[in-house]
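All remarks here apply to the structure that follows.
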Amino acid sequence: MLKNLVSLTEAINSLSRTLGETINLDVESVKLTQATGRIIAQDIYALEDRPSRDSTAVDGYAVRSIDTLGATQYNPVELRVIGVLRPGQTPSDICLEPGTSIRVHTGALLPCGADAVLMDEDVKSIGNKIYVYRQAPKGLNIVLRGEDFKKGDLLASKGEVVKPAVVTALAASGLMDIFVYRRIRVSIVAIGDELIEPGSRVVNGRVYNSSAYTIYSSLVKDGIFDVYYTGIVPDNAEALRKAFDREVERGVDIIITTGGTGVSESDVISRIIEHADRVVFRGVKMRPGRPTTSFIYRGKVVLSLSGYPVAAWTGYELILRNALIKWLGLKGFERKYIYAVLDKRTPNNVGYTSLIRVIVRDENGVFHAEPYMLRGSGVISSLLKTNGYIVIPEELEGYEKNDVIKVYLYD
């Protein structure tokens, strides 16, 4: 029986401190094309105003707003077109004079003297003249210098995970190389005499290894890791130590195991802990994933997750991801969430934090969350058929029907 279980908060805090003590993430320079999913190592500021000058927001005609006063569908104003300005061209020194306009394309710099841009549908073009059918207020369809961002504005923060929008902003500011932390190197070891790999022939008493693939795919999807899958190791302490030694020599930062976390004579983690540098925690007050364990082996962090896929995923989701956020101050790594009306009363065992998978649906603009009550740690359909989860804190007996609660979304 597991003793001295720690709370979920204690597990997160302890693992976060341990990661900080044992892992040194070097900083490296990468091109923007390799930056997506990386962790930014220093604040990044805009190198120049964007746009660098006032520019046009639409295809149309640059005008002096004063020249369009009184223009209507039935009383158009006639203006002479004196040129064309396209993106990338520098406006000439010729300023708009009263009664003139310049044909412009979206993104072109605003010509001298103009203070508004009329869209094509607001005018009629005949020869070198246009007839204006609406009055143009000053600033119409103009993007002002620095309106997007100004030189020196913070574009991305240290600890931020690079998303496509960040890449766009950095590219628009003229940056091509940025400093990021190297990826966290993680090895996954599946433990169990009963396991066989997908693609193998099923024999009596054997089950396909799915938990290791659950964690592997989660790590890859999150993007900040280099992930190695080492295969299946039998329930044998010596074999597991050899597997650990290989990963230590590989130079990984974290070793994640699936399976073998119980306390029976066949559960190998309880025996390998005897050779640990120290134990971070042995069991967590959460469901599923109660046997989740962490320790240090030859200076490397080991996180041992349940052999059941849902419980293994819960350990990764609630403990490791949150420990990484706390350790590195990650921004943009948190799960998105919404608030939804709970469709059923959902009980909790006081003293344990529970993760409950839910089906979220939108009913006329109001989100509802239906708990998927098949709680078994091996019920994979509880992940397939749901799109989010709720967390019930250890001090609560549960949530009541129609409570409005926070729901974390998978994507």
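The structure presented is a predicted model; accordingly, all values stated were derived computationally and were not measured.
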Please report, to 0.1 Å, the donor-acceptor pairs under 3.5 Å made by any side chain of residues 294-302, with sequence neighbours excluded.
{"from": "Ser294", "atom 1": "OG", "to": "Val302", "atom 2": "O", "distance (Å)": "3.0"}
{"from": "Tyr297", "atom 1": "OH", "to": "Asp245", "atom 2": "OD1", "distance (Å)": "2.8"}
{"from": "Arg298", "atom 1": "NH1", "to": "Asp245", "atom 2": "OD1", "distance (Å)": "3.1"}
{"from": "Arg298", "atom 1": "NH2", "to": "Glu249", "atom 2": "OE2", "distance (Å)": "2.7"}
{"from": "Lys300", "atom 1": "NZ", "to": "Val252", "atom 2": "O", "distance (Å)": "3.0"}

Over all atoms of both residues, closest heavy-atom pair of [X] and [Y]:
X      : Y      : value
Val280 : Ser14  : CG1-CB, 3.8 Å
Ser173 : Leu155 : CB-CD1, 3.8 Å
Pro288 : Val310 : CG-CG1, 4.2 Å
Val233 : Ala243 : CG2-CB, 3.8 Å

Among all residues two or more places apart in sequence or in another chain, which pass the ring-ring contact (aromatic ring centres under 6.0 Å, His included) test with Tyr337?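 Partners of Tyr337 by the ring-ring contact (aromatic ring centres under 6.0 Å, His included) criterion, ordered by chain and then number, come out as Tyr339.
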Kindly write out the residues that satisfy ring-ring contact (aromatic ring centres under 6.0 Å, His included) with Tyr229, not counting sequence neighbours, or none if the list is empty.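 ring-ring contact (aromatic ring centres under 6.0 Å, His included) check on Tyr229 returns Tyr213.
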I'd like to know whether Lys401 forms a side chain to side chain contact (heavy atoms under 4.5 Å, CB included) with Lys344, so could you lay out the CA-CA distance, the side-chain angles of the two residues, the decisive distance to 0.1 Å, and finally the verdict. CA-CA 5 Å; Lys401 180 179 179 179; Lys344 297 179 183 178; 5.7 Å; no
Would you sort out whether Glu10 and Ser7 count as a side-chain hydrogen bond (donor to acceptor under 3.5 Å, both in side chains), showing the intermediate values? CA-CA 5 Å; Glu10 290 173 317; Ser7 69; 3.3 Å; yes
Cation-pi, Tyr61 ring and Arg103 (6.0 angstrom, 45 degrees):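 Output yes; distance and angle both within limits.
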I want to check a possible cation-pi pair here: Arg335 against Tyr408, using under 6.0 Å from ring centre and within 45° of the ring axis as the test.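 Ring-cation test returns no.
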Distance-only donor-acceptor hits, side chain of residues 35-45, under 3.5 Å, sequence neighbours excluded:
{"from": "Arg38", "atom 1": "NH2", "to": "Glu28", "atom 2": "OE2", "distance (Å)": "2.4"}
{"from": "Arg38", "atom 1": "NH2", "to": "Tyr181", "atom 2": "O", "distance (Å)": "3.0"}
{"from": "Asp43", "atom 1": "OD1", "to": "Lys158", "atom 2": "N", "distance (Å)": "2.8"}

For the CD1 atom on Ile66, are there more than 12 heavy atoms of other groups (residues, nucleotides or ligands in this structure) within a distance under 6.0 Å?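 For Ile66, atom CD1 is not crowded (no more than 12 foreign heavy atoms under 6.0 Å).
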Is the number of heavy atoms from other residues, nucleotides or ligands under 6.0 Å of Arg80 CZ greater than 12?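 Count not over threshold, so no.
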If we check salt bridge (Lys or Arg N to Asp or Glu O under 4.0 Å) with Asp49, which of these qualifies: Lys150, Lys151, Arg145?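 Of the listed options, the one satisfying the test is Arg145.
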Are Ile380 and Ser210 packed together at the side-chain level, in the sense that at least one heavy-atom pair is separated by less than 4.5 angstrom?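 With C-beta onward as the side chain, the pair touches.
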Any side-chain heavy atom of Ile269 within less than 4.5 Å of one from Leu240?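 Yes; the side chains approach each other to less than 4.5 Å.
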According to salt bridge (Lys or Arg N to Asp or Glu O under 4.0 Å), who are the partners of Asp343, at least two apart in sequence or on a separate chain?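 Applying salt bridge (Lys or Arg N to Asp or Glu O under 4.0 Å) to Asp343 gives Arg361.
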Rounded to the nearest 0.5 Å, what's the gap from CD1 on Ile254 to CG on Leu303? Could you check?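 With rounding to 0.5 Å, CD1 (Ile254) is 8.0 Å from CG (Leu303).
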Let's go through Glu334 and Ile325 carefully: what are the C-alpha distance in whole Å and the side-chain angles of both, what is the deciding distance for side chain to side chain contact (heavy atoms under 4.5 Å, CB included) to 0.1 Å, and is it a yes or a no? CA-CA 8 Å; Glu334 306 89 344; Ile325 290 170; 4.0 Å; yes
In a table with atom names and distances, give each donor-acceptor pair under 3.5 Å that connects a side chain of residues 132-142 to protein atoms at least two apart or in another chain.
{"from": "Gln135", "atom 1": "OE1", "to": "Gly70", "atom 2": "N", "distance (Å)": "3.0"}
{"from": "Asn141", "atom 1": "ND2", "to": "Val117", "atom 2": "O", "distance (Å)": "2.9"}

Is Arg206 paired with Glu194 through a side-chain N to carboxylate O contact shorter than 4.0 Å?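 Salt bridge flag = no for Arg206 with Glu194.
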